[in-house]
Number of protein chains: 2
Amino acid sequence: MRYSHRLSDAVHILAYVEIYRDGDLSSQAIAASVESNPALVRRLMGALRQAGLLATQRGSAQPHLLRDPATMSLLDIYRAVEPDGDLLHVDDRTNPQCIVGGNIQETLRGAYQQVQRAAENQMAQITLAELISEIQVRERKRANL
Amino acid sequence: MRYSHRLSDAVHILAYVEIYRDGDLSSQAIAASVESNPALVRRLMGALRQAGLLATQRGSAQPHLLRDPATMSLLDIYRAVEPDGDLLHVDDRTNPQCIVGGNIQETLRGAYQQVQRAAENQMAQITLAELISEIQVRERKRANL
DNA sequence: TAAAGATGTAATGTTATGAGTAACAACTAG
DNA sequence: CTAGTTGTTACTCATAACATTACATCTTTA
């Protein structure tokens with residue numbers, strides 16, 4: 001399938017809401033920055049709201065973060081917007097009558113879980129605050145060229 | 001998209017070749033175990049061959065591993081069969097005229113690389129030998145029920 | 001209160017990617 | 001020579017992600 005950009009776009013939205021806190025925070029304005037469309041932005045914001053990361057108000061363009069960016073990890077955002085958070089996928093149609101086909105699914109599931117844990121541990125150590133800060137540092141460098 | 005099963009199927013093939021070393025190793029027999037089709041098996045075997053993990057011979061169904069399973073890691077196999085090995089993907093269409101859109105791509109690339117490294121380090125520590133061993137242990141348990 | 005504009009959400013269309021399928025040249029083995 | 005196999009390509013099909021459209025509901029403001 002096409003690669004998912006949900007995590008990237010969700011981080012984008014959260015960073016935008018924080019950086020342009022006093023500007024236009026309509027889904028249309030954010031969509032212009034993501035180069036996407038307002039409906040996608042609203043859908044992602046809905047997922048972030050359900051996860052308790054973002055507050056929004058119907059009819060009024062005033063989203064705001066519900067947690068300090070320093071305590072919001074990439075993993076929190078990932079879990080909020082990726083319905084199936086699995087990075088690797090077992091082939092669940094193998095022949096159970098074969099030694100390999102009958103046992104590889106559970107075997108790989110265990111291995112993939114270890115990989116998933118390692119990735120998630122790393123995601124948990126990256127905060128939204130760090131990402132926002134890096135965005136701003138990069139912007140200052142761009143401006144000084 | 002549909003989720004990729006290439007890694008799972010590649011491990012399946014390698015484990016099959018090792019476990020059924022003296023049996024029928026035709027792409028058709030392996031495909032029956034994977035519950036897939038011979039062409040897919042041959043395609044994956046081609047990738048494994050190019051990576052130096054498997055030897056095959058045109059016209060003759062005698063594939064064999066080129067390295068000790070104890071020295072072949074899940075990462076080796078992953079790199080062999082996943083053309084784009086990236087687990088997370090940056091949205092590369094963002095508005096460069098915006099502070100966020102203009103700097104988030106490089107920022108996320110760095111973060112995703114850290115996650116990728118963590119996942120790959122874990123993959124590197126899982127060997128084909130361990131997976132094969134677990135498959136056989138599970139099979140013994142199944143037989144004793 | 002009415003109009004304008006925003007969100008929340010669902011339905012539908014488009015597109016990219018993975019897997020399935022078929023075909024065939026090149027090779028091996030009996 | 002024949003049957004069977006691999007290596008490879010082209011094509012079809014299924015599915016998931018994103019785009020688009022639409023509209024009910026709510027907020028704001030004149």
Using distance only, find each side-chain donor-acceptor pair of residues 34-41 of chain A under 3.5 Å and give its atom names and separation, not counting sequence neighbours.
{"unit_1": "A/N37", "atom_1": "OD1", "unit_2": "A/A39", "atom_2": "N", "d": "3.3"}
{"unit_1": "A/N37", "atom_1": "OD1", "unit_2": "A/L40", "atom_2": "N", "d": "3.0"}

Side-chain N or O of [X] less than 4.0 angstrom from OP1 or OP2 on [N]?
X	N	result
B/R6	C/dG18	yes
A/Y3	C/dT15	no
A/S36	D/dC18	no
A/S27	C/dT7	yes
A/T56	C/dG8	yes
A/R49	C/dT9	yes

(message) If you assign B/P83 and A/S26 each to the DNA chain C nucleotide with the nearest heavy atom, which residue ends up on the more 5' nucleotide?
(response) A/S26

(request) Report the residue (A/P63 or A/R43) whose heavy-atom-nearest nucleotide on DNA chain C is the more 5′ of the two. (result) A/P63

Identify all side-chain donor-acceptor contacts of residues 42-50 of chain A below 3.5 Å with residues at least two apart in sequence or on another chain.
{"unit_1": "A/R42", "atom_1": "NH1", "unit_2": "A/S27", "atom_2": "OG", "d": "3.0"}
{"unit_1": "A/R49", "atom_1": "NE", "unit_2": "A/T56", "atom_2": "OG1", "d": "2.9"}

(message) Please tell me whether A/I77 and A/L65 are part of a single hydrophobic cluster in this structure, the criterion being side-chain heavy atoms less than 4.5 Å apart.
(response) yes

(request) Choose from C/dA6, D/dT6, C/dG20 the nucleotide whose nearest atom is closest to any side-chain atom of B/R42. (result) D/dT6

(message) Any heavy-atom pair between the side chains of A/M72 and A/L14 that's under 4.5 Å?
(response) yes

(request) Can you check whether any acceptor in the base of C/dA16 is under 3.5 Å from a donor in the side chain of A/R2, or vice versa? (result) no

(request) Kindly compute the distance separating CD (B/E120) from CG (B/L75), expressed to the nearest 0.5 Å. (result) 5.0 Å

(request) For nucleotides 25-30 of chain D, just jot down a letter per nucleotide in 5' to 3' order: B, S or -, based on protein non-hydrogen atoms under 4.0 Å. (result) BBS---

(request) Would you mind reading off the distance between B/H5 atom NE2 and C/dA19 atom C1', rounded to a whole angstrom? (result) 9 Å

(request) Quickly work out the A/R93 CZ to C/dA19 C1' distance and round it to whole Å. (result) 10 Å

